[in-house]
Amino acid sequence: MAYDEALAARVRDELAGEPGSTEKRMFGGLAFLLGGHMAVAVSGAGGLMLRVPPERLDELLAEPGAGPMVMRGREMTGWMRVEADAVTDDEVLARWVGVGRDHVRTLPPKPGAETPPG
């Protein structure tokens, strides 16, 4: 399944002007990276995947449309999914993109990646 290009454009708009922002096709979708770290991705399976502070995962999973990120049958700590239906509103999308963006800003940049402001 191809990723939702309209959703990708909306995420791109949310991250416009972010220093160190790059895009990369991965996991059947389109990932948005800051400082070399994936902050949020538009998933080929629909909706978003995002990186989150592990200590906030339970809180964030209680939000409408949120679910755990499962790869190879295992829940991934510090990652989660948000269903496409839960991000149709621009303000809700902005909040979710902000969660991934803000968390990734706390991480050291990967070697060779532009440093985002933190």
S.K.: Could you report the tightest heavy-atom contact between Ala8 and Val42, atom names first, then the distance?
M.R.: CA-CG2, 3.6 Å

S.K.: More than 12 foreign heavy atoms under 6.0 Å from CZ of Arg95: is that the case here?
M.R.: yes

S.K.: How far does CG of Asp90 sit from CD of Glu14, to the nearest 0.5 angstrom?
M.R.: 7.0 Å

S.K.: Can you find a pair of side-chain heavy atoms, one from Arg105 and one from Glu18, that are under 4.5 Å apart?
M.R.: yes

S.K.: Are Leu15 and Val40 side-chain neighbours, meaning at least one heavy-atom pair lies under 4.5 Å?
M.R.: yes

S.K.: Any non-hydrogen side-chain atom of Arg101 less than 4.5 Å from a side-chain atom of Phe32?
M.R.: no

S.K.: Is the number of heavy atoms from other residues, nucleotides or ligands within 6.0 Å of CD (Glu63) greater than 12?
M.R.: yes

S.K.: Would you mind checking if Asp13 and Arg10 are paired as a salt bridge, meaning a charged N to carboxylate O distance below 4.0 Å?
M.R.: no

S.K.: Does any part of the side chain of Met80, heavy atoms only, come nearer than 4.5 Å to the side chain of Val99, both counted from C-beta?
M.R.: no

S.K.: Can you tell me which residue among Arg74, Glu75, Arg81 is in a side chain to side chain contact (heavy atoms under 4.5 Å, CB included) with Met69?
M.R.: Arg81

S.K.: Does the side chain of Val11 come within less than 4.5 Å of Val87's, by heavy atoms?
M.R.: no

S.K.: Under 3.5 Å, which donor-acceptor pairs link side chains of residues 50-62 to any protein atom two or more places apart or in another chain?
M.R.:
residue	atom	partner	partner atom	Å
Arg56	NE	Glu59	OE1	3.2
Arg56	NH2	Glu59	OE2	3.0

S.K.: Between CE of Met38 and OG1 of Thr22, what distance do you get to the nearest 0.5 Å?
M.R.: 11.5 Å

S.K.: Can you tell me how far the CG atom of Leu7 sits from the OG1 atom of Thr88, to the nearest 0.5 Å?
M.R.: 10.0 Å

S.K.: Roughly how far, to the nearest 0.5 Å, is CE of Met26 from OH of Tyr3?
M.R.: 13.0 Å

S.K.: Heavy atoms only: give me the nearest Gly65-Ala86 pair and the separation to one decimal.
M.R.: CA-CB, 3.8 Å

